[in-house]
Amino acid sequence: MKGKIVTYIIITTIIVICLFFANRLLESSKDSKENQNNLIRNNLTEEEMQQEDMTENNIIGTLEIPKINLKANISEGIDLETIALNIGHFSNSSVWDGNIALAAHNRGSEVEHYFENINQLEKGDLIIYKSEMGERRYKVDSILEIDNTDWSVTENTEENKITLITCVTNKPELRLCIQGIQVQE
């Protein structure tokens, strides 16, 4: 009986020691991997780091609207998860030539509400779109409310334009749609 207890204690001790060292090895491996990533990032230029961050977060560009002090990233898709963090891009629209259609929240407590002030835009206001293909400037030329099922405004066009869509406060059946046409610099 005594021999079985001693054997049990020895085996248990060996298992505990093995688990302890295995855990230490895993932690060391994680630290090493993190240090490697930090070394790689430290050797990247600021532009390369921004590009890496954009790729990791599915960022396809940025939107700036000086009048309302907006500067935000644009991600592919308009699902709730995407537009909770960034401005969303309608995948059926263009990312460069034609109609670039974007959506974002205008209010909410647990989401970014980048389009909260687009209702202040007026015809002629400037919208700046940047992507890896370059920068384009647009002037607002259309402000209207559309039915929440009318997505024809997201369809591609021959003319270079940008379309911004958000909800209309207290009117769930409507969307605010602001469109701008490209201007030559």
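Since this is a predicted model, take the numbers as computed values, not measurements. The first residue in the sequence is number 1, and the count goes up from there.
By the rule that hydrophobic residues join a cluster once side-chain heavy atoms approach within less than 4.5 Å of another member, Val95 and Leu63 end up as members of one cluster. Residue Ile87 is not grouped with residue Ile83 when hydrophobic side chains (ILVMFWY) are merged at heavy-atom distances under 4.5 angstrom, including chains of intermediate members. Put simply, Ile143 and Val168 are part of the same group of oily side chains (I, L, V, M, F, W, Y) that touch within less than 4.5 Å, one to the next. Note on Ile165 and Val111: separate hydrophobic clusters, where clusters join Ile, Leu, Val, Met, Phe, Trp and Tyr whose side-chain heavy atoms are under 4.5 Å apart, directly or indirectly.
The shortest distance between side-chain heavy atoms of Ile128 and Ile65 does not fall below 4.5 Å. Within the 4.5 Å cutoff, the side chain of Leu144 has heavy atoms near those of the Ser142 side chain. Residues Asp97 and Asn160 are in side-chain contact: their nearest non-hydrogen atoms beyond the backbone lie under 4.5 Å apart. Put simply, the side chain of Leu70 does not reach to within 4.5 Å of the side chain of Asn117, judged on heavy atoms. Inter-residue side-chain proximity for Ile118 and Asn106 is flagged as unmet; no heavy-atom pair is nearer than 4.5 Å. With contacts defined as side-chain heavy-atom distances shorter than 4.5 Å, the pair Ile100/Tyr129 qualifies. Between Glu116 and Arg107, the closest side-chain pair of non-hydrogen atoms is not below 4.5 Å. Inter-residue side-chain proximity for Ile59 and Asn86 is flagged as met; some heavy-atom pair is nearer than 4.5 Å.
In this structure, Leu85 stands alone, with no Ile, Leu, Val, Met, Phe, Trp or Tyr side-chain heavy atom under 4.5 Å from its own, directly or through other members.
Within the structure, the ring pair (Phe, Tyr, Trp, His ring centres under 6.0 Å) test picks out the following pairs touching residues 81-105 (sequence neighbours left out): Phe90-Trp151. Sorted by first and then second residue, the ring pair (Phe, Tyr, Trp, His ring centres under 6.0 Å) pairs involving residues 109-128 (not counting sequence neighbours) form an empty list.
Formation of a donor-acceptor pair under 3.5 Å by the Asp125 side chain with backbone atoms of Glu122 is found in this model. Of the possible donor and acceptor atoms, one in the side chain of Lys67 sits under 3.5 Å from a partner among the backbone N and O of Gln120.
With values rounded to the nearest 0.5 angstrom, Arg136 atom CZ is found 14.0 Å from Lys161 atom NZ. To the nearest 0.5 Å, atoms CG (Asn69) and CD (Glu64) are separated by 11.0 Å. Rounded to the nearest 0.5 Å, atoms CG (Asn148) and SG (Cys167) are 8.5 Å apart. Distance CD1/Ile78 to CG/Leu102: 10.5 Å, rounded to 0.5 Å.
Residues Gly88 and Ile74 come closest through the heavy atom pair C-CG2, 4.5 Å. Closest approach of Ala101 to Ser93, counting heavy atoms only: N-OG, 3.1 Å.
Every residue two or more places apart in sequence or in another chain was checked for a salt bridge (Lys or Arg N to Asp or Glu O under 4.0 Å) with Asp141, and none qualifies. Applying the side-chain contact (heavy atoms from CB on, under 4.5 Å) test to Asp79 and every residue at least two apart in sequence or in another chain returns Glu81, Thr82.
Around CD of Glu158, the count of heavy atoms belonging to other residues, nucleotides or ligands within 6.0 Å does not exceed 12.
For the residue pair Asn99 and Thr157, no side-chain donor N or O sits within less than 3.5 Å of a side-chain acceptor on the partner.
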Show me, pair by pair, the donor-acceptor contacts under 3.5 angstrom made by side chains of residues 169-178, not counting sequence neighbours?
residue: Arg175; atom: NH1; partner: Pro172; partner atom: O; Å: 3.1

In sequence, state the C-alpha distance, the side-chain angles, and the governing distance for Gln179 and Ile162, and then conclude on side-chain contact (heavy atoms from CB on, under 4.5 Å). CA-CA 6 Å; Gln179 292 184 308; Ile162 196 161; over 6 Å; no

